[in-house]
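Everything below concerns the one structure shown next.
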Amino acid sequence: MTPHDAMLEKVAAYALGTLPVVDVAGVTEHLHGCDECTTEYRELLSAVTALAYSVQACETGEEGPQVSPLLKERIMQRVRPQNRIAKLRTRPLAAIAACIALALLGVAAFAWHPWTTHPGTGIVRRYAFADGVLYVKKDRITIAQRLAPLPAGRVYQVWTLARGARRVSPSVTFPATSSTVNVAMDTATLAAVAISVEPAGGSPQPTTKPVVFVRL
Amino acid sequence: MCGEWWRVDEAALVERIRCRDAAAFEALYDQYHRLVYGIALRVLSDVRGAEDVTQSVFLKIWSDPTAFRGGNFGAWIARVARNRGIDVLRGGAFVVQGEIPAMPSAQDALDDYVMRKLESRNVRSALARIPQEQREPIELGFFDGLSHDQIARRSGVPLGTVKTRIRAGLRKLRAELQEVGIR
Ligand SMILES: [Zn+2]
C-alpha cells in the first residue's frame, strides 16, 4: 500500500465521520491540494449521506419509523412568537384530536382518488406539513388540510414554484372549511407548493408570509 | 429585507432563520425532521431520546443558524443529527471527528436532484448488496460512533483490514446507488 492509499483510507474515514481528531487537520489540508482525494471525498460523502437517508422516518410508519406529530408542536412552541405559544398551550387536546383527524383524512384522501389504487407505481408522492398533507401526482396536486379558521374576507391561496423559477405562480384560493383541495397541473417541474392567507379573490403575488411551505 | 420567502433553497431558509422567521424554520423542519429523527432513532434505539435529539438539533439551528456554513444541507444536518445522537449515547464523551466540513468544491457533491432521489427504500436495497463484512464496519462507525480500533476489536479483524473494508464498502455503496439511479 502506498502512502497515498493510506491517505485515501483516511479520506474514507473522514467522509464517514470516523476519522480520529488528531488526523483531521492533516486530511483537510491534503484535500485542499489533491484533486484525486477531493473527488473521492465527494463521492464517498454522497454514499454516507445516502446511508443516513436509509433510516429516514416517515409520518405514517408504513415504511420506517413513525414521527409523532406532537414533536413538531413541541418544537414550534419554542420558536413561534409568544402570543402563538399561549394559543397553542390552551388547546393540547384539540391538537391531538386534530392529529387523529388528519391521519384519518390522509387515509380517506388515498381512498377517494382512483390514482391511488396503484400504490406500487410510485407515482403519488406524499408530503406532510404541520396542518395537512400534500399529495403530488403527475397531473395534479391534492391538499388535505386542517388550517386555522380565517376572518371574513380572507381565503387561503395556493402558490406553486417551478424548478429554477425565482417567483411563485398564483394558483387556486380556498376557504378554511375546504378539507380537500385539488389543483390540476403538470407537476413535472414543480419544486415547491406554498399556501398563504390572502384577501378574498386571491392575489397576483403573495401579500403575507406562507403558512405552509412544502419543498418537493 | 431578509430574503424573499419564495426562494426555497436551504441557504435562503437559513438566512431567513437568522432574521427569526419562524415560517422558514418550519419549512426546514418539514423537509428534514424525518431524516434527523430517523438517524437519532437508529443511533439511540429509543423514541424519547430520538425526539430529544431531533428537538435539540432543530433548536440549535434556530438559535445558531450560522452553524450551517453552506454546502449540501441534507448532508450537513444528517451529520449533525448523527453526532448529536452519538454524543447522547456516549454521555457527552463523543470525541471523534466533528461536523462535516465546508469543502471548497464539495458543495455540489449532492445536488437537489440526487437528494430527491434518496428514497430510503432505494438506499436500503443498495445497502443490502454491500458484503456484510464491509457493511458492518460502516454501520458501526456511522450509527454506533465506534472508532476504527473499537470496530477492529469488536469484529476480531486487524485495524488495517477495517480501514480497507470501510473504504471498499463506501465505494461499493456509491456504485450500487448509481445502479439504482442515484447518480
Ligand atoms: Zn490525495
Side-chain angles (χ1 to χ4, degrees), chain A residues 8-9 12-21 24 28 31-32 38 41-59 63-65 67-68 71-72 74-76 78-81 127-130 159 161 166-168 191-192 194 206 209-211 213-216, chain B residues 5-8 21-23 25-27 29-31 33-35 37-39 41-42 51 54-55 58-59 62 72 74-75 78-79 82-83 95-97 100-101 103-106 109-110 114 116 118 120-121 123-124 126-127 138 141-142 146-148 163-164 166-167 170-171 173-174 177 182:
Chain A
L8 283 164
E9 286 184 351
Y14 191 47
L16 188 60
T18 56
L19 189 68
V21 186
V24 169
T28 50
L31 282 172
H32 281 279
T38 299
Y41 174 73
R42 291 172 58 171
E43 292 181 356
L44 299 190
L45 183 60
S46 69
V48 171
T49 301
L51 176 71
Y53 269 80
S54 73
V55 297
Q56 176 163 254
C58 74
E59 250 70 34
E63 195 180 316
V67 190
S68 164
L71 177 60
K72 179 173 178 178
R74 202 167 94 197
I75 293 172
M76 290 309 294
R78 304 276 295 270
V79 166
R80 283 175 180 138
Y127 302 85
F129 54 90
W159 306 90
L161 182 74
R166 306 268 313 174
R167 285 179 176 259
V168 289
K209 284 186 177 174
V211 292
F213 193 97
V214 180
R215 186 178 183 188
L216 275 48
Chain B
W5 68 259
W6 51 84
R7 295 186 55 203
V8 292
D21 182 339
F25 175 84
E26 188 171 0
Y29 179 89
D30 288 343
Q31 193 68 33
H33 74 281
R34 296 179 300 124
L35 177 63
Y37 179 83
I39 293 167
L41 187 64
R42 172 66 176 76
E51 289 187 348
T54 304
Q55 177 164 332
F58 279 98
L59 290 181
W62 176 249
N72 183 274
R79 180 59 53 90
R82 175 262 189 182
N83 286 2
V95 288
V96 297
Q97 174 198 326
I100 195 169
M103 278 294 297
S105 55
L110 287 149
V114 177
R116 270 199 299 276
L118 283 180
S120 304
R121 200 181 334 171
V123 179
R124 283 198 295 270
L127 260 178
I138 288 172
F142 190 78
L146 298 190
S147 68
H148 292 185
K163 293 177 178 176
T164 305
I166 284 177
R167 180 175 177 225
L170 288 177
R171 288 179 64 87
L173 176 55
R174 163 85 182 170
L177 290 169
I182 301 173

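Since this is a predicted model, take the numbers as computed values, not measurements. Protein chains get the first letters and strands the later ones, always in sequence-line order, with residue 1 at the start of each.
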Looking at CG of B:Leu177 and CD of A:Glu43, how far apart are the two atoms once the value is rounded to the nearest 0.5 Å?
-> 11.5 Å

Just how far is it from atom CZ of B:Arg34 to atom OH of A:Tyr53, taken to the nearest 0.5 Å?
-> 9.0 Å

So what's closer than 4.5 Å to chain A heavy atoms on B:Arg171: side chain, backbone, both or neither?
-> both

Find out whether A:Val67 and B:His33 are in side-chain contact, i.e. whether some heavy atom of one side chain is under 4.5 Å from a heavy atom of the other.
-> yes

Enter the distance from B:Phe25:CZ to A:Arg80:CZ here, rounded to the nearest 0.5 Å.
-> 10.0 Å

Where do A:Ser46 and B:Arg174 come nearest, in terms of heavy atoms and distance?
-> OG-NH1, 2.7 Å

Nearest heavy-atom neighbours spanning A:Gly17 and B:Arg79 | CA-NH1, 3.5 Å

Contacting moiety of B:Leu41, where chain A heavy atoms sit under 4.5 Å | side chain

Of the backbone (N, CA, C, O) and the side chain (C-beta and beyond), which part of B:Leu35 lies under 4.5 Å from a heavy atom of chain A, both, or neither?
-> both

Indicate the atoms forming the closest heavy-atom contact of B:Ala23 with A:Pro210, along with that distance.
-> CB-O, 3.8 Å

Scored by heavy-atom pairs under 4.5 Å with chain A, the best of B:Gly38, B:Gly141, B:Ala78 is B:Gly38

Using the side-chain contact (heavy atoms from CB on, under 4.5 Å) rule, take B:Leu59 and A:Val79 through it: C-alpha gap first, then chi angles, then the decisive distance, then the call.
-> CA-CA 8 Å; B:Leu59 290 181; A:Val79 166; 4.0 Å; yes

Tightest non-hydrogen contact, residues A:Ala50 and B:Val123, listed as O-CG1, 3.0 Å

What pair of heavy atoms forms the shortest contact from B:Phe142 to A:Thr18, and how long is it?
-> N-CG2, 4.4 Å

Donor-acceptor contact present, side-chain A:Arg78 to main-chain B:Gln55, <3.5 Å = no

Honestly, the part of B:Leu170 sitting under 4.5 Å from a heavy atom of chain A is both

For residues A:Ser54 and B:Leu127, report the shortest heavy-atom separation together with the two atoms involved.
-> OG-CD1, 3.7 Å

Close side-chain approach of A:Glu9 and B:Ile166, heavy atoms under 4.5 Å = no

Tell me, with the steps shown, if B:Gln31 and A:Phe213 meet side-chain contact (heavy atoms from CB on, under 4.5 Å).
-> CA-CA 9 Å; B:Gln31 193 68 33; A:Phe213 193 97; over 6 Å; no

Between A:Tyr127 and B:Asp30, is a side-chain contact (heavy atoms from CB on, under 4.5 Å) present by the stated rule, with each step listed?
-> CA-CA 9 Å; A:Tyr127 302 85; B:Asp30 288 343; over 6 Å; no

Could you grab the distance from atom OH of B:Tyr29 to atom CD1 of A:Ile75, nearest 0.5 Å is fine?
-> 4.5 Å

Got a second to check how far B:Arg82's CZ is from A:Leu16's CG, nearest 0.5 Å?
-> 6.5 Å

Rounded to the nearest 0.5 Å, how far does NZ of A:Lys72 lie from CZ of B:Phe58?
-> 10.0 Å

